[in-house]
Amino acid sequence: MATRAPKDGINEAEIKVGKPKRKAVGLPAVLNSLKISLDQMGPVRSAQTLLAVNQEKGFDCMGCAWPEGDKRHTAEFCENGAKAVAEEATRRTVTPSFFEKHSVAELNERDEYWLGQQGRITHPMLLEEGGTHYRPVSWDMAYDIIVEELAALDSPDEAVFYTSGRTSNEAAFLYQLMVRGIGTNNLPDCSNMCHESSGSALTQTIGIGKGTVSLEDVDKAPLILVAGQNPGTNHPRMLTSLEKAKKNGGQIVAINPLPEAGLLRFENPQKISGILGTRFGGGTQLSDDFLQIRLGGDQALFQGLGKYLLEQEEKTGTVFDHEFIKEHTTGLEEYLQELREVSWDEIVEASGIAKSQITSVGDRMIASPGTVVCWAMGLTQHKHSVKTLRDVVNVLLLQGNIGKPGAGVCPVRGHSNVQGDRTMGIFERMPDGFHDALDAHFSFASPRKHGFDTVAAIRAMRDGGAKVFMAMGGNFVRATPDSDVTDKALRNTRLTVQVSTKMNRSHLITGRRALILPALGRTDRDTQASGDQRVTVEDSMSAVHASRGRLRPPGPDVRSEISIVCELGDRLFARPQSPFRDNAPQIDWVAAQADYSVVRNHIEAVIPGFENYNTRIETGGFVLPNGPRDGRKFTTPSGKAVFTGNALEYPKVPAGRLLLQTLRSHDQYNTTIYGKDDRYRGIHGGRRVVLVHADDLAAAGIAEGEMVHLVSQFSDGVERRAENFRAVTYATPRGCAAAYYPETNVLVPLDSTADVSGTPTSKSVIIRLEKIA
Ligand SMILES: Nc1nc2c(c(=O)[nH]1)N[C@H]1C(S)=C(S)[C@@H](COP(=O)(O)OP(=O)(O)OC[C@H]3O[C@@H](n4cnc5c(=O)[nH]c(N)nc54)[C@H](O)[C@@H]3O)O[C@H]1N2
Ligand SMILES: Nc1nc2c(c(=O)[nH]1)N[C@H]1C(S)=C(S)[C@@H](COP(=O)(O)OP(=O)(O)OC[C@H]3O[C@@H](n4cnc5c(=O)[nH]c(N)nc54)[C@H](O)[C@@H]3O)O[C@H]1N2
Ligand SMILES: [Mo]
């Protein structure tokens, strides 16, 4: 199996490698975002959009899920938020004549960057069986095709309904209702590949699969550990919070295999001093400590921290929060046993961090009245991620660092509404309480058998068990692992339906028939029968607020996700000839489509915490109840937070092999490639690079700049190959390598998933570098 560099993609010989940056943002970031905005939107639209980002009456930035502060700046945006906005609000369009000109085969030769650059899709398009080109199709016909294919299935479990994390609360709620009305829980989502490990670990230990901190907690935290996260690129507005924490006297410890620019130093683009900083050498030193950890070494590190706290507790008796432990937790002994058994040698070996560095962070924790741990994909995408995160919780519980100001767990979410989609029921295994409420309110019986997650859905399509695939946003075939396997799986279906704003690979690797349904985005004005609508989203800290777009949509034939679901729902359930009338959820789809406040009333009736939903979003929104945060209430079976014992695990890499992490460059949004630079890491003009320690390159007899193939080895014996990468020496620990996603997804075996959460192990893939003969 192999992927080649696409035709018009990149000439690796032209990739320029410079010195990685030591700090993030500042003037270059502001200039870069303005350039991209002007290119894509022109001056008037740029101003209209960028001034409305994250404002109370504006739209929610789709760049990330970091919350907005109470005092909003006139331009509450960051470079990468501006890129995400420009990407959607572009004036370029992909019309039927585009599809007439380019066959699917031809488009498949193009790279992700080129596809994305073509612009917004304006018409529903159909690829007929055996067809070479997409042709325009009426909305009515498109809906009829979906209904017909769903009705023809032997079982509703032969259909799969994916969701990406930009979908609004309203659209997500109606979508899951439609899917459960059809009779399946096959609701995989991007979260399965993202923070599922966080959800699994947190639900088990603290009773809720969400973070327990507010923005204020971060601003005021005396100590913040940032592990497995690159905020300078992926959550730039988080740097403002970290800067505030520093100004308030807080300390920051960065835990990362790479010295990421944003973690080290930051120049705030919202402040004149930050913008001028580059010239005057300013900016804020963010990290007090940088632990350059081995890939997958975090469980060892957190066990080391726990072990040190225990050793000091045994000396002084003042390290643990005894009252908290007694009142609010169970399982301490099991955890302490684990800490006593694990040796320092093993901890140091697994993490690659010296004992003295670990104990010095331990001393910071002991001295600190509160600690926050923030994390993202560096902690969630390993085989032992759930264990690792349970050990993060363990350490925090020892000092009572949950449910007090300036302390807690902070999983930093990716997509801007991925957390809200989960709250709305986008999950293949929602708890019974949710189903009971749904059934009662809509007078139907939702299916209780768990559905497919992302990996299970791919297996089912591959093996012929799933025949219709619909996606509410996202780019399933490129976001998922084992690209060659996934491509074949999708091609094995009868119908693929993509509700999308922009072109991507998932429109080109299709079932026997394929539909593209063009959708409105966050920035677009959404006008329905009752007038202009707004939607709502939930950020990483459980705050729910409204989002309203004001730009003219790319064309009259582009529809909102809500309207698409309502039209489908009406045809599936509510008409005399509807195939799923028997057990139909009782809802007026037409009324819901006409006025989204009707949808919010339904949500309020089913999901706790949404009381007076419509009223409260008028006044800036509200924060959902969070037991651990609000009052140290833990909805676990024991009613207490749970310490767990987790035998130490870490990736073991055979000699001559490397452990590869697949990560994001500064110029991409997941599978959307904005450009070919990774400014902070000093890479310019291309993406097929592999970052390796100088000594590892030398040991492999490979010269800096030489071209190599990446070959992954997994227990299934299949050789997975990603070809033609340029070797770049980089400051990563020995034995560890890094390359960009999605070019390297072909290397991630479908069956290599995290225990419990099922997340593909995108941050630990065993590879070897193959010299090109
Ligand atoms: N501009 C932009 N913003 C985004 C996105 C985007 O693509 N572009 N994507 C969005 C989404 S969906 C998500 S989930 C987030 C992703 O946000 P991140 O999680 O920051 O994204 P990654 O690029 O995957 O970076 C992983 C980081 O973890 C480190 N890391 C890798 N493995 C390990 C490990 O074993 N231990 C430790 N301690 N560190 C490790 C890497 O070196 C890197 O710094 O960002 C969101 N925001
Ligand atoms: N190897 C590797 N694989 C990974 C990861 C990794 O770190 N390494 N990260 C994983 C993570 S964290 C995630 S979240 C997934 C991301 O997986 P996805 O969410 O599936 O992927 P995206 O690239 O974010 O999807 C982009 C597409 O969404 C569509 N889109 C954008 N906005 C809208 C909208 O408002 N409405 C609709 N209907 N469509 C819209 C556009 O057509 C665009 O092409 O990838 C995962 N895959
Ligand atoms: Mo994500």
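Both ligands and their constituent atoms are indexed starting at 1 by order of listing.
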(request) Give the numbers and elements of all ligand 1 atoms closer than 4.0 Å to a heavy atom of G296. (result) 34 (C), 35 (O)
(message) Determine whether H382 and S764 satisfy the following criterion, side chain to side chain donor-acceptor pair (under 3.5 Å), listing intermediate values before the conclusion.
(response) CA-CA 6 Å; H382 293 281; S764 42; 3.0 Å; yes
(message) Between ligand 1 and D298, is the shortest N or O to N or O distance under 3.5 Å?
(response) yes
(message) So if I count the atoms of ligand 1 from 1 in the order they appear, which ones are less than 4.0 Å from some heavy atom of L258?
(response) 42 (O)
(request) To the nearest 0.5 Å, tell me how far N169 CG sits from Q419 CD. (result) 10.5 Å
(request) Looking only at protein heavy atoms, identify the closest one to atom 12 (S) of ligand 1 and say how far it is in Å. (result) N670 ND2, 3.4 Å
(message) I need the nearest protein heavy-atom contact for atom 13 (C) of ligand 1: residue, atom name and distance, please.
(response) G414 CA, 3.2 Å
(message) Suppose we measure from atom 37 (C) of ligand 2 to each protein heavy atom; which comes out shortest, and what is that distance?
(response) E561 OE2, 3.1 Å
(request) Output the distance between atom CG (L490) and atom OG1 (T510), rounded to the nearest 0.5 Å. (result) 8.0 Å
(request) Name the option, out of Y741, F476, Y740, that contains the heavy atom nearest to atom 16 (C) of ligand 2. (result) Y741
(request) Would you kindly specify which portion of H382 sits under 4.0 Å from ligand 1, judged on non-hydrogen atoms: side chain, backbone, both or neither? (result) side chain
(message) If we only consider heavy atoms of R478, is any one of them less than 4.0 Å away from an atom in ligand 2?
(response) no
(request) Name the closest protein heavy atom to atom 33 (C) of ligand 1, giving the residue it belongs to and the distance to 0.1 Å. (result) G378 O, 3.3 Å
(request) Quick one: look at M377 and ligand 1, take heavy-atom pairs under 4.0 Å, and tell me if it's side chain, backbone, both or neither. (result) both
(message) With a 4.0 Å cut-off on heavy atoms, is Q498 in contact with ligand 2?
(response) no
(request) Identify, for atom 23 (O) of ligand 2, the protein heavy atom at the shortest distance, and state residue, atom and that distance. (result) T671 OG1, 2.6 Å
(request) With heavy atoms under 4.0 Å as the rule, classify the contact between K83 and ligand 1 as side chain, backbone, both or neither. (result) neither
(request) Verify the ring-centre separation between Y134 and H123: is it less than 6.0 angstrom? (result) no
(request) Between N504 and ligand 2, find which residue part has any heavy-atom pair under 4.0 Å and reply side chain, backbone, both or neither. (result) side chain
(message) Which residue and atom name correspond to the protein heavy atom nearest atom 39 (N) of ligand 2, and how close is it?
(response) G473 CA, 3.3 Å
(request) Please report which non-hydrogen protein atom sits nearest to atom 44 (O) of ligand 1, along with the residue it belongs to and the distance in Å to one decimal place. (result) E260 OE2, 2.6 Å
(message) Which residue and atom name correspond to the protein heavy atom nearest atom 31 (C) of ligand 1, and how close is it?
(response) Q661 OE1, 2.9 Å
(message) I want to confirm something. Looking only at heavy atoms, which of M472, Q668, R664 is nearest to atom 11 (C) of ligand 2?
(response) R664
(request) Flag the pair F469 / F476 as yes when their ring centroid distance falls below 6.0 Å, and as no otherwise. (result) yes
(message) Quick check: I255 and ligand 1, any N/O pair under 3.5 Å apart?
(response) yes
(request) Enumerate the atoms of ligand 1 whose separation from the nearest heavy atom of C194 is less than 4.0 angstrom. (result) 14 (S)
(message) Which residue is it: D189, T163, N417? I am looking for the one with a side chain to side chain donor-acceptor pair (under 3.5 Å) to R422.
(response) D189
(request) Look only at interatomic distance and state if N256 has a nitrogen or oxygen under 3.5 Å from any nitrogen or oxygen of ligand 1. (result) yes
(request) Compare all side-chain heavy atoms of L305 with those of L225 and state whether any distance is below 4.5 angstrom. (result) yes
(message) Could you work out, for atom 27 (C) of ligand 2, the closest of A376, A739, G474 by heavy-atom distance?
(response) G474
(message) Looking at E538 and K210, is any side-chain nitrogen of the basic one under 4.0 Å from a carboxylate oxygen of the acidic one?
(response) yes
(request) Please report which non-hydrogen protein atom sits nearest to atom 26 (C) of ligand 1, along with the residue it belongs to and the distance in Å to one decimal place. (result) K763 CE, 3.6 Å
(request) Identify whether the distance between the nearest side-chain nitrogen and carboxylate oxygen of E88 and R522 falls below 4.0 Å. (result) no
(message) If you define the side chain from C-beta out and look only at heavy atoms, does anything of S168 sit under 4.5 Å from Y596?
(response) no
(request) Could you list the atoms of ligand 1 found under 4.0 angstrom from a heavy atom of T233? (result) 1 (N), 2 (C), 3 (N)
(request) If you have a sec, work out which protein heavy atom is nearest atom 15 (C) of ligand 1 and how many Å separate them, to one decimal? (result) H235 CE1, 3.6 Å
(request) Could you find the nearest protein heavy atom to atom 17 (O) of ligand 2 and give me its residue, atom name and distance? (result) A479 CB, 3.1 Å
(request) Would you mind listing which atoms of ligand 1 come within a distance below 4.0 Å of any non-hydrogen atom of G228? (result) 19 (O), 27 (C), 28 (O), 29 (C), 37 (C), 38 (N), 39 (N), 40 (C)
(request) Identify which of Q381, H415, H195 has a heavy atom lying nearest to atom 24 (O) of ligand 2. (result) H415
(request) Indicate yes or no: does K387 engage D755 in a salt bridge with an N to O separation below 4.0 Å. (result) no
(request) Report the distance from atom CG of D298 to atom OG of S385, rounding to the nearest 0.5 Å. (result) 8.5 Å
(request) Measure the distance from atom 20 (O) of ligand 1 to every protein heavy atom, then report the residue, atom name and distance (to 0.1 Å) of the closest one. (result) N230 N, 2.8 Å
(request) With heavy atoms of I293 as the reference, note each atom of ligand 1 found under 4.0 Å away. (result) 36 (N), 37 (C), 38 (N)
(request) Please confirm whether L663 comes under 4.0 Å of ligand 2, counting heavy atoms of the residue only. (result) no
(request) Select the closest option to atom 40 (C) of ligand 2 among D189, N234, T501, judged by heavy-atom distance. (result) T501
(request) Would you mind checking which non-hydrogen protein atom is closest to atom 18 (P) of ligand 2, with the distance to 0.1 Å? (result) Y162 OH, 3.5 Å
(request) For the pair R550 and D524, find out whether any cationic side-chain nitrogen is under 4.0 Å from an anionic carboxylate oxygen. (result) no
(message) Give the atom numbers and elements of ligand 2 that come within less than 4.0 Å of a heavy atom of T662.
(response) 1 (N), 2 (C), 7 (O), 8 (N)
(message) Return the closest protein heavy atom for atom 14 (S) of ligand 2 as residue, atom name and distance.
(response) C190 CB, 3.7 Å
(message) Below 4.0 Å from ligand 2: does a non-hydrogen atom of R522 turn up there or not?
(response) no
(message) Nearest non-hydrogen contact with atom 32 (N) of ligand 1 belongs to which option: L225, V412, L301, L295?
(response) L295
(request) Please tell me if the side chains of L115 and R110 come closer than 4.5 Å, counting only heavy atoms from C-beta onward. (result) yes
(message) Any heavy-atom pair between the side chains of L663 and E260 that's under 4.5 Å?
(response) yes
(request) Considering the heavy atoms of S164, write down every atom of ligand 2 situated less than 4.0 Å from one of them. (result) 18 (P), 19 (O)
(request) Inspect the contact between R688 and E743 and indicate whether a charged nitrogen and a carboxylate oxygen are less than 4.0 angstrom apart. (result) no
(request) Considering heavy atoms of the protein only, find what lies nearest to atom 21 (O) of ligand 2 and give residue, atom and distance to 0.1 Å. (result) N475 N, 3.6 Å
(request) For V499, counting its heavy atoms only, list the atoms of ligand 2 lying under 4.0 Å from any of them. (result) 37 (C), 38 (N), 39 (N)
(request) Using a strict 4.0 Å threshold on nitrogen-to-oxygen distance, state whether D111 and R505 make a salt bridge. (result) no
(message) Return the NZ to CG distance between K652 and L659, rounded to the nearest 0.5 Å.
(response) 12.0 Å
(request) Measure the distance from atom 10 (C) of ligand 2 to every protein heavy atom, then report the residue, atom name and distance (to 0.1 Å) of the closest one. (result) M193 O, 3.6 Å
